[in-house]
2 protein chains.
Amino acid sequence: MAKKLALKDIAGALKVSEASVSYVLNGKARQYGISIALENKILRFVEKVGYQPNRLAASLRTGKSKTVGMIVEDISDPFFSAIARVVEEHIYKEGYRVIYGSSENSTVIARDLLQTFKNYQVDGYILAPTAGLEEDINLLVNEGSPVVVFDRASPDLQCSKVLVDNFRGSEAAVLHLIDNGFCNIAMVTLTNGQDQMNERVNGYLAALQKHGLPPTLKEIIYNEDVQKTILSLKNLLKSKKEIDAVFFATNYLALSGLQALKESGVIITRDIGVAVFDDINNFALFNPSITAVAQPVTEIGLRVTRILLEELQDNHMIDSQNILLKTKLIIRDSSARLPE
Amino acid sequence: MAKKLALKDIAGALKVSEASVSYVLNGKARQYGISIALENKILRFVEKVGYQPNRLAASLRTGKSKTVGMIVEDISDPFFSAIARVVEEHIYKEGYRVIYGSSENSTVIARDLLQTFKNYQVDGYILAPTAGLEEDINLLVNEGSPVVVFDRASPDLQCSKVLVDNFRGSEAAVLHLIDNGFCNIAMVTLTNGQDQMNERVNGYLAALQKHGLPPTLKEIIYNEDVQKTILSLKNLLKSKKEIDAVFFATNYLALSGLQALKESGVIITRDIGVAVFDDINNFALFNPSITAVAQPVTEIGLRVTRILLEELQDNHMIDSQNILLKTKLIIRDSSARLPE
DNA sequence: CTGAAAGCGCTAACAC
DNA sequence: GTGTTAGCGCTTTCAG
């Protein structure tokens with residue numbers, strides 16, 4: 001078990017001061033007027049013995065941990081893991097690491113994660129906030145911490161936001177269903193009032209209203225047992241025979257919904273039309289393939305990262321930024337209406 | 001920007017020593033004989049002012065960071081993100097946090113991540129190792145760091161392992177295809193020699209051999225462009241018309257493969273049988289639904305976490321553990337053979 | 001039972 | 001140009 005080298009050791013071995021070594025290692029040799037000769041000597045030695053500075057000590061000293069905390073709803077959701085991947089990849093290059101946590105849409109958990117991140121002295125935050133976290137987030141912002149939220153955001157939030165146009169994405173999908181001749185379009189969404197969900201519902205309602213069609217909203221509890229969800233959707237189908245299309249507010253609701261359709265013997269295209277908010281890789285491979293509102297996942301990840309890095313670097317307060325990205329309706333077979 | 005409280009501050013305010021506060025906060029009041037009265041007083045005050053210790057300083061002092069480093073192949077792969085989720089959830093309760101990184105199957109990246117984790121003084125490692133990382137890992141182990149690998153492992157690795165029986169899982173799937181009457185079964189796998197992939201290939205070969213059937217192996221480069229993969233699979237289908245079933249070594253290869261089948265106008269069930277190693281949620285919803293070898297994702301996550309926690313707690317060396325979990329063949333429609 | 005004090009390893013102000 | 005040194009905030013030994 002090789003004893004770990006410290007700055008002191010290498011300074012001792014080289015008969016120079018710790019400061020010089022530190023300067024060189026931090027690229028401040030010039031600034032502090034270290035001779036090129038000494039710099040090279042130090043660099044070479046450090047390289048040779050494979051010395052790696054202890055980040056913890058550096059962090060304690062500087063107050064910068066080179067770490068960012070990221071809260072997603074659920075890292076195993078393809079939408080969030082895809083974004084996490086992009087963020088990780090790009091922020092890593094700038095020397096930052098990511099600590100992440102899944103909130104499961106619970107404000108308690110999210111708050112706990114935030115506290116944890118704080119204890120770990122993260123330099124910045126990337127958050128898919130839960131409802132009720134506004135105060136905590138604004139507190140962070142007011143303390144001067146860089147914060148970027150994505151996916152959802154209350155207007156009260158005083159930080160940078162990277163969002164997609166949920167309203168228009170949703171509206172476009174529903175209008176498309178209407179165009180295709182569906183006129184009893186139900187929407188399956190979540191009970192809890194996440195802002196992005198509300199927008200999606202609003203888009204749905206707006207589209208219906210334009211054509212004077214009646215809404216049918218079915219709300220599912222977040223994290224409800226999948227079997228129960230399926231059952232409750234089957235009941236919906238049974239009790240409201242007039243429904244001729246369904247619009248799902250999230251990818252996982254759609255997965256339960258498709259299962260419910262299958263178990264109910266309802267055939268997509270023949271009996272019912274389907275569209276989903278949030279495209280996942282495989283929807284193209286379903287049969288029929290599923291029409292979906294695609295969110296620009298890579299773009300979201302990139303924007304979030306870029307903004308956070310800016311805020312991390314410039315300590316002279318930048319105005320918080322508001323990015324609203326467009327969604328894209330990917331029309332596939334599930335929203336087609338068979339000629340009767 | 002409220003100045004952050006330090007131990008010193010609360011000790012000062014209470015006119016007690018820093019040590020007493022530290023003892024109480026670490027639940028060592030009894031051990032150091034702090035009076036219950038003082039303990040309560042301290043606890044109450046800390047609660048009231050909302051003091052939160054600086055973990056960095058504690059880590060620097062104790063050498064324990066209460067953090068574990070986790071390397072997956074790709075956090076956006078459903079297999080890895082599902083495991084990450086389980087690990088996160090369970091290790092969090094024990095007070096540990098996770099820093100993660102995606103290796104993209106690159107030893108260089110993985111090595112870099114390992115180094116980073118070390119600099120951050122993580123207390124333990126959860127790794128899906130890349131080929132060529134054996135030495136680095138053994139070094140860690142020999143230094144006394146708790147390490148658990150999963151998904152894949154070279155026999156040289158001197159640490160705990162949580163694996164699935166890739167050989168038998170693969171063999172069972174192929175035997176099932178053979179049972180159903182397929183006799184020209186191709187396997188699509190990766191070029192690079194990850195141990196778990198080799199096992200999957202071996203299982204495939206063993207099954208064929210039992211029945212004297214000829215193998216057709218198609219290797220795809222890891223991280224190959226999806227379109228190229230699809231193209232190359234389409235070519236395979238065109239050039240080897242005799243193929244009547246395909247077994248895919250991973251979920252993402254299957255996704256490309258299904259696309260290739262679709263684009264080639266080859267209809268699953270009618271023209272070809274399909275099975276996949278690694279089940280993903282949606283395979284049940286594909287049409288036809290896809291037969292797959294399911295890995296016990298939750299179980300893997302739980303075992304990994306449990307073993308790591310054991311190693312983290314008992315510093316008296318436990319023998320490294322070797323867990324081999326069973327896979328489960330989920331028979332769905334894609335492997336059925338239509339009566340001619 | 002409680003308090004003073006010595007560091008953990010690094011950075012950066014300041015002295016030479 | 002280079003070295004000395006005072007902490008960052010916490011834990012833990014040891015003296016009282």
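Naming convention: chains lettered A, B, ... in sequence-line order (proteins, then strands); numbering from 1 in each chain.
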Point to revise | With sequence neighbours excluded, residues passing salt bridge (charged side-chain N to carboxylate O under 4.0 Å, His left out) with A/Asp195 | key: none
Practice item. Please check if atom CD in A/Glu135 has more than 12 non-hydrogen atoms from other residues, nucleotides or ligands closer than 6.0 Å. Key: no
**Study point:** Contact residues, residues 51-58 of chain A to DNA chain C [heavy atom, < 4.0 Å]
**Key:** A/Tyr51, A/Pro53, A/Asn54, A/Ala57, A/Ala58
Check your understanding: Would B/Ser17 and B/Ser20 count as having a side-chain donor-acceptor pair, cut-off 3.5 Å?
Key -> yes
Can you give the donor-acceptor pairs under 3.5 Å from side chains of residues 46-53 of chain B to other protein atoms, not counting sequence neighbours?
from    : atom 1 : to       : atom 2 : distance (Å)
B/Gln52 : NE2    : A/Asn119 : OD1    : 3.1

Review point. For B/Glu73 and B/Tyr222, does a side-chain donor sit closer than 3.5 Å to a side-chain acceptor?
Key: yes
Exercise for review: For B/Glu89, enumerate each residue passing the salt bridge (charged side-chain N to carboxylate O under 4.0 Å, His left out) test, keeping only those at least two apart in sequence or located in another chain.
Suggested key: B/Arg85
Exercise for review: In whole angstrom, give the distance that lies between atom CG of B/Leu7 and atom C1' of D/dT11.
Suggested key: 9 Å
Check your understanding: Please give, in whole Å, the distance from D/dG1 P to A/Leu14 CG?
Key -> 19 Å
Check your understanding: Using a heavy-atom distance cut-off of less than 4.0 Å, which residues of residues 62-69 of chain A contact DNA chain C?
Key -> A/Thr62
**Study point:** Flag for A/Ser59-A/Arg55: side-chain donor and acceptor within less than 3.5 Å
**Key:** yes
Practice item. Could you tell me whether A/Arg97 and A/Glu88 make a salt bridge, using a distance below 4.0 angstrom between a side-chain N and a carboxylate O? Key: no
Check your understanding: At how many degrees, to 10°, do the end axes of the helix from C/dC1-D/dG16 to C/dC16-D/dG1 meet when each uses five pairs?
Key -> 50°
**Study point:** Where at least one partner belongs to residues 106-137 of chain A, residue pairs that pass ring-ring contact (aromatic ring centres under 6.0 Å, His included), sequence neighbours excluded
**Key:** none
Point to revise | Presence of salt bridge, A/Glu310 and A/Arg306, under 4.0 angstrom | key: no
Exercise for review: Return the set of residues passing side-chain contact (heavy atoms from CB on, under 4.5 Å) with A/Ile307 (not counting sequence neighbours), or none when no residue passes.
Suggested key: A/Val148, A/Ser160, A/Val162, A/Glu311, A/Gln321, A/Ile323
**Study point:** Euclidean distance, atom CZ of residue A/Arg61 to atom C1' of D/dG7 [Å, nearest integer]
**Key:** 6 Å
Exercise for review: Go through the side-chain N and O atoms of A/Thr130 and A/Thr107 and say whether any donor and acceptor fall under 3.5 Å apart.
Suggested key: yes
Practice item. Output all residues satisfying side-chain contact (heavy atoms from CB on, under 4.5 Å) with A/Leu14, sequence neighbours left out; order by chain, then residue number. Key: A/Ile10, A/Val16, A/Lys41, A/Ile42, A/Phe45
Check your understanding: Does any residue of residues 16-41 of chain B have a heavy atom under 4.0 Å from DNA chain C, and if so, which ones, in number order?
Key -> B/Val16, B/Ser17, B/Ala19, B/Ser20, B/Tyr23, B/Tyr32, B/Gly33, B/Ile34, B/Ser35, B/Leu38
Review point. Could you give the NZ-to-P distance, from B/Lys8 to D/dG9, as a whole number of Å?
Key: 6 Å
Point to revise | From CA spacing to verdict: salt bridge (charged side-chain N to carboxylate O under 4.0 Å, His left out), A/Arg30, A/Glu39 | key: CA-CA 9 Å; A/Arg30 278 307 73 68; A/Glu39 180 176 23; 3.2 Å; yes
Study note, to complete from the structure: Across all chains, not counting sequence neighbours, the side chain to side chain donor-acceptor pair (under 3.5 Å) partners of B/Lys66 are none
Check your understanding: When you measure from every atom of DNA chain D, which of residues 113-122 of chain B have a heavy atom less than 4.0 Å away?
Key -> none
